[in-house]
Amino acid sequence: MSFTDNVRNLEHLLEIKWDGVSWTDESDNLLSASGVQGSVPIWRLLGGSQPQQPWTATFTLKNVDNRYSPTNSSSPIYAYTSASMLYGIPIRFSMIRPSVATERVFTGYIDTSGSSAKNLNFTLHCVDNAHPLMQSRQSTTLYEDQRVDEMLVTLADLVGIGAGARDFDTGLFVIPFSWLDEESVWTEMNMIAQSEGGTVYFDRNGDLIFESQEAWLSDTKRTTSQHTFLASNIFDVMTPFDWKNVYNRVLVQYEPREISGTVRLYENREPITLQPGQTRTVVMRLSRPASSIESFVNETHYVIVNAGGSDLSGDVTITPTTYAQRVVVEFENTGSELAYVNRFDIYGTPLVGAPTMDRELDAADSDVGDPASDAIKLLEVGGNPYIQTIEQAEFLSEILRDRVKTARQIYRINGKGYPTLQPLDRVTIQESKAGLNHTGYIQRVSWSYAGAYNATYEIIDDTSWLLFDISDYFVIETSAFDDSHRAYY
Amino acid sequence: MATTLGGQTLRAPDNPVEGGRILVGTTERALNGTILRDYYTTKRRWSLKWTNLTTAERDTIMTEALDPTAQLFSPPDAAGTFTVLVDIDSISENPHQEADGIRYDISFTVEQQ
């Protein structure tokens with residue numbers, strides 16, 4: 001790594017895309033910066049319905065001339081700050097070692113901001129590229145038998161994240177049915193990835209990453225140590241155990257679904273009136289998500305009449321846009337009379353769900369005792385609609401059980417900041433006085449820059465994550481075909 | 001060479017003028033004592049002092065010393081001209097009675113911007 005020298009000449013580059021087109025260099029005004037990467041313990045991402053927290057950053061800027069104040073009409077960027085109040089403006093930050101390397105630390109958007117009259121500065125609180133996805137609510141058609149990564153591609157395309165801005169592993173499982181109904185794209189992407197123990201996040205360069213559970217054995221950054229923390233390059237190391245979240249029983253819920261026969265999925269409750277020449281759009285929310293819907297036929301599915309009850313269906317154009325759980329219908333009255341849509345029914349083949357099923361697994365060797373004889377401490381994972389098969393639930397429950405049955409060894413290291421180290425990287429910790437010579441995975445990075453670029457790394461010991469040494473597992477196209485390796489799950 | 005601050009020639013400060021460098025960055029020691037240093041650059045600093053200033057000399061110096069904005073500074077060793085800020089917190093002004101009237105001892109520090 002190019003930032004590992006004990007003595008580092010550092011510079012920085014802070015850029016903001018005020019006009020949405022060109023980056024403006026704001027580096028000279030930067031007073032300090034800080035950020036957090038990966039704020040959820042990684043075991044909580046296994047199947048859980050809790051989305052990965054986006055990476056965040058805070059930048060404090062000199063504002064003596066009120067450059068960033070959105071009410072200052074004399075500011076050269078007033079046109080942009082006043083229009084947006086700085087909300088949702090792209091921003092990126094890099095650390096530079098002159099003549100050595102430039103490494104991006106953060107890519108995202110301004111979320112909230114504010115000034116300090118006393119300190120004459122302005123603070124920007126920013127969220128990574130998940131920011132627009134958190135605001136974006138979308139509806140889709142019903143997708144059948146999509147592999148996890150295929151469904152993520154569908155959603156990424158939906159919000160304009162093209163192939164060049166994403167890097168997805170091949171998913172391990174096929175989700176029988178998936179759809180969005182005015183739901184947050186970010187939340188759904190997380191649940192889709194977590195349904196097979198994977199994770200999605202935006203990295204420091206702003207690219208959308210999906211890593212499957214298989215990445216623990218195949219991704220170089222998780223199989224090869226990316227950095228060694230030594231007594232000569234850290235300020236302190238703390239070694240807490242995470243005893244609080246130890247369980248001897250795990251329960252993963254899954255929701256089987258199937259397509260049933262044709263039924264009525266929508267019935268309008270009140271007449272829709274259409275003035276002559278008028279176009280109206282009506283959102284018809286279906287009682288259940290539908291695999292298919294029938295074409296609309298006059299007098300079978302709808303009745304359109306004038307005030308006297310005479311048929312006006314020939315004067316009204318009906319244009320439906322069909323999603324899984326809603327149909328958006330545009331009515332256009334091309335005639336000269338007031339038209340009433342007195343009845344409008346939608347029939348189709350709905351997706352029906354069986355009662356939620358449980359997959360329960362005990363850990364007799366748990367640190368909190370055997371559930372057969374001792375108190376039961378249960379970890380329940382539910383509410384993820386993309387866990388639909390017993391195979392998904394079995395896979396998740398086994399992985400989860402092995403990661404929560406014993407107390408997890410955590411290392412909290414204060415040291416120099418290294419921009420290339422990210423959550424999920426494998427690292428080594430060697431400190432003889434504390435008796436440490438271990439490898440682990442970074443869960444969380446808290447970095448700060450104000451003269452020095454420092455960071456706190458929260459690391460989980462690899463023996464608290466993998467049951468066996470990583471070289472013991474069989475990896476396709478890597479391991480020899482013999483009996484010396486173990487199956488992962 | 002003349003010492004100037006803000007375009008004003010000041011009485012020559014007392015010797016020696018203490019010059020120094022400021023590290024813009026931090027230096028900390030790792031667990032085993034290794035020095036870890038991150039720095040952006042270095043800047044210059046001068047500590048100036050005068051004794052037995054007349055009231056007129058004092059007024060000239062204090063006018064420049066109390067200017068909170070950036071000023072041009074030429075140190076007495078003619079090492080060049082630098083844009084500096086006076087560290088206003090460092091200003092010390094001590095009047096004392098002498099046979100010919102009130103005299104002043106003044107000192108302060110300027111730092112390269």
Side-chain angles (χ1 to χ4, degrees), chain A residues 2-14 27-28 30-33 62 64-65 95-100 103 105 120 228-239 411-419 429-436 447-456, chain B residues 4-8 18-48 61-75 79-91 108-113:
Chain A
S2 51
F3 278 74
T4 52
D5 293 340
N6 290 341
V7 178
R8 310 187 297 188
N9 179 202
L10 295 179
E11 294 181 4
H12 60 266
L13 178 63
L14 176 67
S27 304
D28 286 349
L30 183 69
L31 298 173
S32 65
K62 187 171 61 183
V64 177
D65 55 357
M95 291 301 305
I96 301 169
R97 291 211 59 204
S99 305
V100 179
E103 294 290 352
V105 176
L120 298 176
T228 300
F229 291 103
L230 300 163
S232 60
N233 62 24
I234 64 175
F235 303 132
D236 197 6
V237 54
M238 287 155 281
T239 58
Y411 307 108
R412 203 164 287 131
I413 289 177
N414 293 327
K416 307 306 291 180
Y418 305 110
I429 304 136
Q430 292 176 349
E431 207 291 288
S432 58
K433 284 193 176 177
L436 300 177
W447 58 269
S448 65
Y449 174 61
Y453 180 61
N454 292 337
T456 299
Chain B
T4 66
L5 181 62
Q8 187 73 42
E18 291 180 20
R21 297 289 196 281
I22 303 165
L23 179 78
V24 182
T26 64
T27 301
E28 296 171 87
R29 287 195 182 273
L31 267 181
N32 71 352
T34 302
I35 286 182
L36 302 177
R37 170 177 289 170
D38 284 353
Y39 69 98
Y40 191 90
T41 187
T42 58
K43 297 286 187 180
R44 297 188 66 163
R45 175 178 57 194
W46 295 267
S47 295
L48 307 170
I61 290 171
M62 287 304 287
T63 299
E64 303 307 324
L66 291 172
D67 184 345
T69 64
Q71 307 180 75
L72 289 177
F73 173 67
S74 296
T81 302
F82 302 87
T83 302
V84 299
L85 291 168
V86 175
D87 178 3
I88 292 177
D89 288 345
S90 73
I91 296 174
F108 58 82
T109 301
V110 297
E111 292 184 359
Q112 186 183 3
Q113 190 181 29

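Order of the sequence lines fixes the chain letters, A, B, ..., with proteins taken first and strands second; residue numbering starts at 1 for each chain.
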Which N or O donor-acceptor pairs, by atom type, sit under 3.5 Å across chain B and chain A?
{"residue": "B:Glu28", "atom": "OE2", "partner": "A:Asn454", "partner atom": "ND2", "Å": "3.2"}
{"residue": "B:Leu31", "atom": "N", "partner": "A:Ala231", "partner atom": "O", "Å": "3.1"}
{"residue": "B:Leu31", "atom": "N", "partner": "A:Ile234", "partner atom": "O", "Å": "2.8"}
{"residue": "B:Asn32", "atom": "N", "partner": "A:Ala231", "partner atom": "O", "Å": "3.1"}
{"residue": "B:Arg37", "atom": "N", "partner": "A:Asn6", "partner atom": "O", "Å": "2.8"}
{"residue": "B:Arg37", "atom": "O", "partner": "A:Arg8", "partner atom": "N", "Å": "2.8"}
{"residue": "B:Asp38", "atom": "OD1", "partner": "A:Arg8", "partner atom": "NE", "Å": "2.7"}
{"residue": "B:Asp38", "atom": "OD1", "partner": "A:Arg8", "partner atom": "NH2", "Å": "3.4"}
{"residue": "B:Asp38", "atom": "OD2", "partner": "A:Arg8", "partner atom": "NH2", "Å": "2.8"}
{"residue": "B:Asp38", "atom": "OD2", "partner": "A:Lys416", "partner atom": "NZ", "Å": "3.2"}
{"residue": "B:Asp38", "atom": "OD2", "partner": "A:Tyr453", "partner atom": "N", "Å": "2.8"}
{"residue": "B:Tyr39", "atom": "N", "partner": "A:Arg8", "partner atom": "O", "Å": "2.9"}
{"residue": "B:Tyr39", "atom": "O", "partner": "A:Asn9", "partner atom": "ND2", "Å": "3.1"}
{"residue": "B:Tyr39", "atom": "O", "partner": "A:Leu10", "partner atom": "N", "Å": "2.7"}
{"residue": "B:Tyr40", "atom": "O", "partner": "A:Asn9", "partner atom": "ND2", "Å": "3.0"}

Using non-hydrogen atoms only, which part of B:Ile35 is less than 4.5 Å away from chain A: side chain, backbone, both, or neither?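 Only the backbone of B:Ile35 comes within 4.5 Å of chain A.
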
Does B:Phe108 have any ring pair (Phe, Tyr, Trp, His ring centres under 6.0 Å) partners at least two apart in sequence or in another chain, and if so, which?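 By the ring pair (Phe, Tyr, Trp, His ring centres under 6.0 Å) rule, B:Phe108 matches B:Trp50.
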
Side chain to side chain donor-acceptor pair (under 3.5 Å) involving B:Thr81 - partner list, sequence neighbours excluded: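 Once residues adjacent in sequence are excluded, the partners of B:Thr81 under the side chain to side chain donor-acceptor pair (under 3.5 Å) criterion are B:Ser74.
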
